[in-house]
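A short worksheet on the structure shown next.
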Amino acid sequence: MTAPAAALLSVSGLVKRFPGVLALQGVDFDVRAGEVHCLLGQNGAGKSTLIKVLSGAHRPDEGEIRWRGEVVSFGNPTAAMRSGVAAIYQELDLVAGLSVADNVFLGHELSTAGFSRRAEARRRTRALLDRLGHPDISPDRDVGRLSVAHQQVVSMARALSLDGQLLIMDEPSAVLDPDEVRVLFGVIRELTAQGVAVVYISHRLAEIREIGDRVTVLKDGRTVATGLPAREVKTSELIALMTGRVLDNVFPDRKPVDPAAPEVLVVRGLADGDRFRGVDLTVRAGEVVGLAGLVGSGRSEILETIYGARKAAEGTVAVDGRPLRRGSVGAAVRAGMGLCPEERKSQGLLLDQAVYRNITVSSLSSFARFGFLDDRAERARSARLTESLDVRPAGVERVVRGLSGGNQQKVVLARWLLRECRVLLLDEPTRGVDVGARSEIYELVRALADSGVAVVVVSSDVEEVLGLADRVLVVREGRVVHDGPADEIDESRVLDLVMEGHAA
Amino acid sequence: MSEDTAAVAAQQQRAPVAKDSGSGLSGLLGSPAGRNTGLVVALVLLCVGGVVTAGDRFADVDNLLTILRLAAVIGVVSVGMTFVITGGGIDLSVGAIVALASVWATTLATQGIANDTHWIVIVFTALLVGGACGLVNGVLIAYGRVVAFIATLASLAAARGLAEIISNRKTQIVNVPGFAAFFDASVLGVPVLVVIFAVVAAVGWVLLNRTTFGRRTFAVGGNPEAARLAGIDVRRHTVWLYTLLGLCCGLAAVMLIARTTTGSATHGGLYELDAIAAVVIGGTLLTGGRGTIAGTVFGVLIFTTLSNVFTLNNLSISAQAVAKGAIIVVAVLLQQRLARRSGA
Amino acid sequence: MSEDTAAVAAQQQRAPVAKDSGSGLSGLLGSPAGRNTGLVVALVLLCVGGVVTAGDRFADVDNLLTILRLAAVIGVVSVGMTFVITGGGIDLSVGAIVALASVWATTLATQGIANDTHWIVIVFTALLVGGACGLVNGVLIAYGRVVAFIATLASLAAARGLAEIISNRKTQIVNVPGFAAFFDASVLGVPVLVVIFAVVAAVGWVLLNRTTFGRRTFAVGGNPEAARLAGIDVRRHTVWLYTLLGLCCGLAAVMLIARTTTGSATHGGLYELDAIAAVVIGGTLLTGGRGTIAGTVFGVLIFTTLSNVFTLNNLSISAQAVAKGAIIVVAVLLQQRLARRSGA
Amino acid sequence: TGNTPENNQGGGTQDGVKVANDEPGKKVVIGFSAPAADHGWMAAISNAAKAEAGKYSDVELRVVEGTNDVNLQISQVETFINDKVDAIVLLPFDGAALTPVALKAMKAGITVINVDRQFDSPFAARSTVLGDNYGMGVSAGTYVCERLKGKAGAVVAEIAGIDSLPLTQDRSKGFAQALAGCGLKVNNRVAAEFTVESGERAAANLLQAAPRIDAVWNHDDDQGVGVAAAVKNSGRSEFFMVGGAGSANVMREIKADNGPHKATVIYPSTQGADGVRLARLAVQGKALGDLVEVEVPRQVQLYAPVVTKDNVDRYLPTAFES
Ligand SMILES: Nc1ncnc2c1ncn2[C@@H]1O[C@H](COP(=O)(O)OP(=O)(O)OP(=O)(O)O)[C@@H](O)[C@H]1O
Ligand SMILES: Nc1ncnc2c1ncn2[C@@H]1O[C@H](COP(=O)(O)OP(=O)(O)OP(=O)(O)O)[C@@H](O)[C@H]1O
Ligand SMILES: [Mg+2]
Ligand SMILES: [Mg+2]
């Protein structure tokens with residue numbers, strides 16, 4: 001369905017500098033009306049920066065943007081919106097505290113003489129949410145209380161409400177489950193059929209093959225290939241273009257778990273009195289346990305409760321046989337647990353502080369003598385870790401805010417690697433992480449497990465759960481409905497279990 | 001929200017989550033099970049305390065009007081402050097602006113013009129001075145990028161100094177016929193000052209909850225980056241917020257002139273603390289993004305009722321201070337427990 | 001950072017990004033091209049102003065010691081305040097705590113014990129009272145989940161009231177031999193009060209920049225939820241921060257007792273504003289997560305030098321206020337421009 | 001000083017002694033420090049001092065920013081010491097707290113004149129000029145007693161100034177004792193903060209607290225403007241008011257006899273000016289006119305007379321404009 005229309009948007013020689021970083025250094029590509037143009041690239045390649053330049057949120061330092069053939073400069077987001085460019089940002093830029101409807105129409109409020117037409121806004125929001133397959137989200141809900149997935153849906157509703165000619169989506173599927181991705185694709189097809197162009201960013205190559213028409217690959221802020229046919233181009237070629245190397249096996253080989261290995265993490269009858277109940281979980285040393293389930297099934301809550309970040313109503317958590325005090329993160333961390341939370345920005349990172357400080361924050365006492373820190377050792381150890389994780393740009397003094405999403409995720413991981421945990425809880429560890437880095441993270445998790453760490457992984461990517469975990473638990477509506485070895489179950493069975501009773 | 005997350009939230013000066021949206025009329029009045037329950041309960045308890053200790057002297061209509069009259073001036077400032085704080089700012093200069101506006105509006109020159117034309121000149125002068133001060137604050141903060149705390153601290157010093165220079169540190173007595181008469185009057189038994197306060201609160205509520213301007217204020221305070229990406233001119237909006245507060249200060253100055261028949265550089269002492277306290281106790285987040293006019297009105301009423309009850313009981317100022325501290329804490333704790341129960 | 005993002009950041013009370021790390025000794029002294037340049041320049045300009053207008057009277061050693069002695073008391077409070085603000089809190093009760101500690105440490109009873117034993121009893125009493133007040137604040141905020149602004153506002157009222165009750169609103173004169181003698185002395189020509197300030201600042205700097213406690217403070221202030229999930233006991237740490245500030249207030253009370261030979265419920269008036277202003281002008285983020293002791297010290301020195309220069313110059317009092325406002329704004333703008341150039 | 005120095009503008013030239021005293025002598029540099037001019041009386045203090053200094057060609061007066069922070073005020077005095085001024089006229093925010101630095105100044109050979117709020121050491125000042133706070137209360141109480149003579153169960157209210165200041169307590173004490181002398185007591189007491197606004201607020205509450213009042217003593221005529229506004233607003237007129245400090249507009253009201261104010265008790269706002277004069281005389285080694293003594297006296301306590309309609313003309317010229 002490649003529509004050979006004239007270019008709606010074309011970009012040439014785009015350059016964007018940040019203090020100390022050249023985020024874009026010569027990007028060229030063009031988007032035609034009615035097509036889905038995919039942007040691919042490693043973490044930090046400059047995709048989000050490009051989006052922000054296109055939507056008027058950043059001003060380019062050099063280069064030319066042509067909109068319908070005319071050179072334009074979108075000085076601010078309003079100008080871009082007026083021209084018909086709508087964007088969904090990676091950072092979920094919604095305003096917590098405002099309702100869903102208010103967020104959808106923020107900046108282009110429906111109003112008469114300054115007075116909000118609230119009923120109308122609610123009605124139209126309702127319609128947009130229905131169209132996105134989410135009649136369950138109320139337009140009156142406070143956006144801050146929605147799950148990340150639902151927030152993403154609201155962001156999409158917001159972009160749709162702008163009625164743009166060009167819709168830019170920065171990793172919209174990262175927090176969605178397969179079902180929701182399918183709905184999203186339906187909407188995208190509907191839009192392109194109406195002649196709307198879509199720029200689609202994702203790290204999931206399968207999605208790109210399914211929805212994309214053409215592909216542009218960015219590497220280090222430069223276009224390395226553009227206009228590739230999304231369906232025909234070979235995966236290995238794309239990966240090679242992105243990473244500059246060849247990657248044949250995404251998931252590392254599993255080593256069979258020693259059935260006699262000690263049970264490191266034992267959870268019995270855990271319930272938080274609200275979102276889940278009766279959770280039993282045993283993880284042996286060297287074992288990776290995956291939790292699959294729909295978004296909203298309560299997996300994050302289970303992890304957080306195990307970790308003591310939420311208070312359990314019932315049940316026990318024991319590490320190495322010793323029960324932990326309920327509701328105490330400190331006790332969990334001392335017992336050797338670590339958590340990579342789901343929302344790295346709000347829960348994981350000290351955004352305005354240096355990379356190394358984010359890494360050492362959980363291991364401070366090991367760098368301290370009588371409370372005095374050895375700053376140099378901190379930096380050295382952190383530098384070694386970031387190097388081995390290939391955090392880009394390098395430099396442990398860098399402020400985390402300036403890193404791309406995937407690299408931020410690696411920083412959180414590095415924190416727990418440094419601490420040498422006994423139990424590692426990973427909530428969506430590869431959300432927003434590129435293929436190359438993802439396989440690195442997989443290898444890392446595997447290597448950790450092989451060194452005797454007990455790992456629990458929550459992921460909405462069923463393939464990831466199956467590929468990485470030794471054992472898979474399926475969670476549905478706060479209950480564990482399946483518990484078995486990963487090689488005895490396949491993707492469709494998991495999806496069946498996950499969706500059971502759901503309108504699948 | 002889990003117990004612990006709530007704690008962290010409180011630590012971040014986030015009061016327990018309550019819905020902002022879909023409040024309807026109940027938002028203004030404080031729905032029985034809504035977010036203002038704690039405040040209503042605190043106020044009711046205070047009133048019960050007043051009746052028990054002072055009996056009819058408290059429950060008297062005249063006394064209630066006295067409380068409302070006392071609340072009116074600081075109330076108008078607090079409504080304006082609600083906007084600024086909801087929008088993520090703070091203003092320490094409100095008291096000084098009230099002083100400067102009161103002085104400027106009562107100079108011999110202004111009074112002379114007012115006498116020659118109409119007393120409304122005094123009102124306009126005060127509003128103009130207040131609005132201009134707010135504008136300066138807003139521009140310094142939004143375009144000059146001076147941290148609001150510091151910018152308004154500087155304005156505080158400068159405006160009070162200017163007020164002293166203009167007034168030569170004398171109390172300026174107002175002798176414009178009509179002015180006092182207008183503001184001393186009552187509408188259906190309700191003093192004009194109280195009517196003004198009510199109108200300001202109502203307009204403020206509508207502005208914050210029913211208009212584009214209000215929605216944008218929440219956005220600017222809650223997530224300025226998101227607001228910018230949504231196409232809102234955050235800086236211009238910020239300037240508007242401070243200007244609005246400046247206008248409120250100007251109006252408060254007019255009310256204070258009417259109440260005391262004077263303009264003085266000492267007017268508005270410590271209004272900044274009183275107003276911020278009322279706003280925050282009312283449930284507006286000091287970090288921005290959540291604000292409630294109804295809560296602010298309750299906050300103001302709690303503080304004024306408190307000092308009225310104390311006075312009726314002939315309490316010593318020191319004991320009053322200790323009791324006040326305790327009552328503030330109890331009110332907030334109550335408010336949180338109730339809000340959590342009903343909201344979460 | 002783009003123009004617009006910077007604006008948004010400023011709006012959020014985030015000064016332009018300055019490095020927290022790698023401060024080394026230069027951090028203490030303010031590296032020439034570092035984040036404190038603006039402050040140093042402002043201070044130097046002020047001093048030049050002092051020399052030009054008052055000549056030798058300003059540049060005199062005695063005068064410089066006078067400035068430092070004036071800075072010492074509020075300086076100690078400001079160092080403690082830097083911790084609390086960096087940790088994401090605020091404390092409005094510092095002045096009241098200073099008053100309460102000064103009063104409690106100078107009651108007849110305390111002085112009696114001190115006379116019978118050693119004057120150090122006074123010091124311990126003040127520290128104990130200050131620390132206890134800070135502890136109460138911390139517990140209210142961290143475990144009671146009362147917003148810091150409100151909790152400490154309540155403490156402000158309560159502590160001052162209590163101080164008045166204890167002192168019966170009389171100024172309590174200290175007659176303990178040895179006490180005054182100790183604090184009035186000089187070490188190598190430097191008054192003991194100034195030495196105390198220097199020690200507190202140095203210890204504070206080390207604590208904030210070189211210890212796990214300091215690092216946790218940055219984490220707690222920067223993102224309390226992330227800090228909690230990283231295993232830091234955010235609530236306990238918060239209690240420590242306020243207790244530390246309370247201890248600083250106790251020490252400041254001792255210094256004030258020494259300076260005035262009195263304890264009084266009126267001591268420490270408006271210290272909260274002075275301390276917060278010094279901290280914020282020094283570059284500590286009011287929203288937490290970034291703080292600098294060196295900046296705070298510069299902030300305190302700027303304010304005290306300012307009032308010294310004014311004193312020397314016999315300026316009209318009101319003009320001083322206006323000038324002060326203008327100078328604050330200029331200092332901040334300068335600081336921002338320079339920090340942006342060097343930091344970005 | 002002479003009888004009523006401010007009556008004779010330009011330093012006074014009526015009697016021989018004064019002429020001799022007013023002769024320009026050796027140049028005298030005087031430092032002047034007072035609390036923040038946050039109310040009219042305090043503003044009048046420094047204004048009067050400045051005006052007084054302006055009358056003498058041999059006086060250079062350095063006035064520093066008024067402050068309620070004893071720490072800052074101490075450092076201001078230290079600056080004066082560094083500057084080696086000849087004399088310091090000091091109205092301390094808190095007498096006891098400023099004593100050590102005043103002692104230091106005296107030790108440095110500087111003539112310190114203490115005004116209004118007394119030091120706690122006799123060596124801290126060469127000379128002290130005091131108002132009579134206790135006497136003020138007594139005068140006010142006595143006047144109230146006289147007017148309410150024989151009225152059984154009369155309700156007396158008191159609107160104090162800043163309650164945490166010793167002077168307020170002195171005034172209240174004198175008032176209560178004088179009332180006790182005629183079998184009355186203070187039935188309702190509120191405190192304001194010496195400002196118009198706080199006076200209005202306190203009075204509004206007070207008028208609610210006491211449904212019937214016979215007499216009100218208000219400590220301070222500055223806040224009295226606000227008190228009067230509140231009274232007017234309440235429409236109450238069953239009581240009379242006695243003011244304090246003695247501002248010009250209250251005296252005018254007394255003279256016109258059309259408001260609640262029937263009297264006020266003077267607390268001279270010219271103390272600072274007297275302090276300046278004393279400082280000059282002391283430094284120049286001159287004596288006080290009309291006294292035989294050849295030195296300036298240790299202490300001068302000013303009288304707190306009651307101003308009523310009958311004698312208001314005598315006091316109006318020296319009253320301060322609030
Ligand atoms: N505000 C900023 N300040 C400084 N550097 C920035 C800023 N925003 C982005 N960068 C830098 O620009 C580069 C490109 O980042 P960008 O977020 O565009 O990457 P991305 O391709 O979207 O990566 P990801 O797939 O991880 O989201 C990175 O090196 C990043 O560190
Ligand atoms: N504090 C809360 N109060 C009410 N509802 C909540 C709360 N937290 C989460 N929810 C609801 O729970 C659902 C999502 O929860 P959450 O994202 O934690 O689940 P999950 O299984 O971890 O999914 P994910 O795969 O996104 O991690 C949403 O429907 C959201 O509205
Ligand atoms: Mg990105
Ligand atoms: Mg989750």
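Chain letters run A, B, ... following the sequence lines, proteins first and then strands; every chain starts at 1. This structure is a prediction, so every number in the text was calculated from the model and none was measured.
When all heavy atoms of C:Val329 and B:Ala154 are compared, the closest pair comes out as CG2-CB, 3.5 Å. The two residues B:Val280 and C:Ile150 come nearest to each other via the heavy atoms CG1-CG1, 3.4 Å.
For the atom pair C:Leu286 CG and B:Leu286 CG, the distance stands at 8.5 Å (nearest 0.5 Å). Atoms CZ and CD1, on C:Phe149 and B:Ile281 in that order, are 11.0 Å from each other to the nearest 0.5 Å. With rounding to the nearest 0.5 angstrom, the CG atom of C:Leu153 is 9.5 Å from the CD1 atom of B:Ile276. The CD atom of B:Gln320 sits 10.5 Å away from atom CD of C:Glu164, with the distance rounded to the nearest 0.5 Å.
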May I have the list of side-chain donor-acceptor pairs in residues 96-103 of chain B shorter than 3.5 Å, sequence neighbours left out?
| unit_1 | atom_1 | unit_2 | atom_2 | d |
| --- | --- | --- | --- | --- |
| B:Ser102 | OG | B:Ala99 | O | 2.9 |
| B:Ser102 | OG | B:Ser264 | N | 3.2 |
| B:Ser102 | OG | B:Ser264 | O | 3.4 |

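For C:Ile165, the parts lying under 4.5 angstrom from a heavy atom of chain B are both the backbone and the side chain. There is no contact between B:Ala326 and chain C, counting heavy-atom distances below 4.5 Å.
With chain C as the partner, the residue from B:Ser318, B:Ala321, B:Ala159 showing the most heavy-atom pairs under 4.5 Å is B:Ser318.
Under the side chain to side chain donor-acceptor pair (under 3.5 Å) criterion, B:Arg216 pairs with A:Glu109, sequence neighbours left out.
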